[in-house]
Amino acid sequence: MRPILRAALVIAATALFVAPARAGQYPARSDTDWVYASKRECCDGAIAMAQQYSMDACLTSGGRTSPMRGGVQRRGFCTWQSTQDASGAVLFRCQAEASVPCR
């Protein structure tokens, strides 16, 4: 048997026996840019966006989001910066990371 044909058969046979991907999580990040909101509202918004991006990635991969055990919603991690505009009003910029379970 020719080496190229043998290699092609080995690759094809291997592809047939590869296990499907297991359930997992799809971490996502978000950025609110500068907003006139409280720090809490800014972080809540950034985490909600990151969770939505994570859910979208799960669904795009063919999975489905699974509910949290005990009904507890997993939060994410948020970092923030603040500044003031010319009139002294405070603006926040929040970046968040979050993931939701996917099966």
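Computed from a predicted model, the values in this text were never measured in an experiment. The basis for the numbers below is simple: all heavy atoms, side chains too, and nothing from hydrogens, waters or symmetry mates. We're numbering straight along the sequence, starting at 1.
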*Not counting sequence neighbours, which residues clear side chain to side chain contact (heavy atoms under 4.5 Å, CB included) with Ala57? List them please.*
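Counting only residues at least two positions away or on another chain, Ala57 forms a side chain to side chain contact (heavy atoms under 4.5 Å, CB included) with Tyr26.
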
*What do the steps show when you test Cys43 against Cys78 for disulfide (SG to SG under 2.5 Å), and what is the final call?*
CA-CA 6 Å; Cys43 276; Cys78 180; 2.1 Å; yes

Hey, are the side chains of [X] and [Y] touching, using non-hydrogen atoms and a 4.5 Å cut-off?
| X | Y | answer |
| --- | --- | --- |
| Leu91 | Gln84 | no |
| Val100 | Ser54 | yes |
| Arg64 | Arg103 | yes |
| Arg93 | Val35 | no |

*Taking only residues two or more places apart in sequence or in another chain, which ones pass side chain to side chain donor-acceptor pair (under 3.5 Å) with Ser87?*
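Testing Ser87 for side chain to side chain donor-acceptor pair (under 3.5 Å), a comparison that skips the adjacent residues, returns Asp85.
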
*asked:* Is there a path of hydrophobic side-chain contacts, each under 4.5 Å between heavy atoms, that joins Trp80 and Phe77?
replied: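 Not linked; separate clusters.
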
*Same cluster or not: are Phe92 and Tyr36 linked, directly or through other Ile, Leu, Val, Met, Phe, Trp or Tyr residues, by side-chain heavy atoms under 4.5 angstrom apart?*
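As far as the 4.5 Å side-chain criterion goes, Tyr36 and Phe92 are not connected within one cluster.
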
Value rounded to 0.5 Å, distance of [atom1] in [X] from [atom2] in [Y]:
| X | Y | atom1 | atom2 | answer |
| --- | --- | --- | --- | --- |
| Arg29 | Glu97 | CZ | CD | 4.5 Å |
| Gln25 | Cys58 | CD | SG | 10.0 Å |
| Met49 | Asp44 | CE | CG | 11.5 Å |
| Ser30 | Gln51 | OG | CD | 9.5 Å |

*Taking all heavy atoms of Ile47 and all of Ala98, pick out the closest pair and write down the distance.*
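Smallest interatomic distance, heavy atoms only, reads O-CB, 4.2 Å.
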
*asked:* Give me the atom names and distance for the closest heavy-atom approach of Ala37 to Cys42.
replied: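 For Ala37 and Cys42, the tightest heavy-atom pair comes out as CB-N, 4.4 Å.
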
*Please confirm whether the backbone N or O of Cys94 pairs with a side-chain atom of Thr32, one donor and one acceptor, at under 3.5 Å?*
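Present.
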
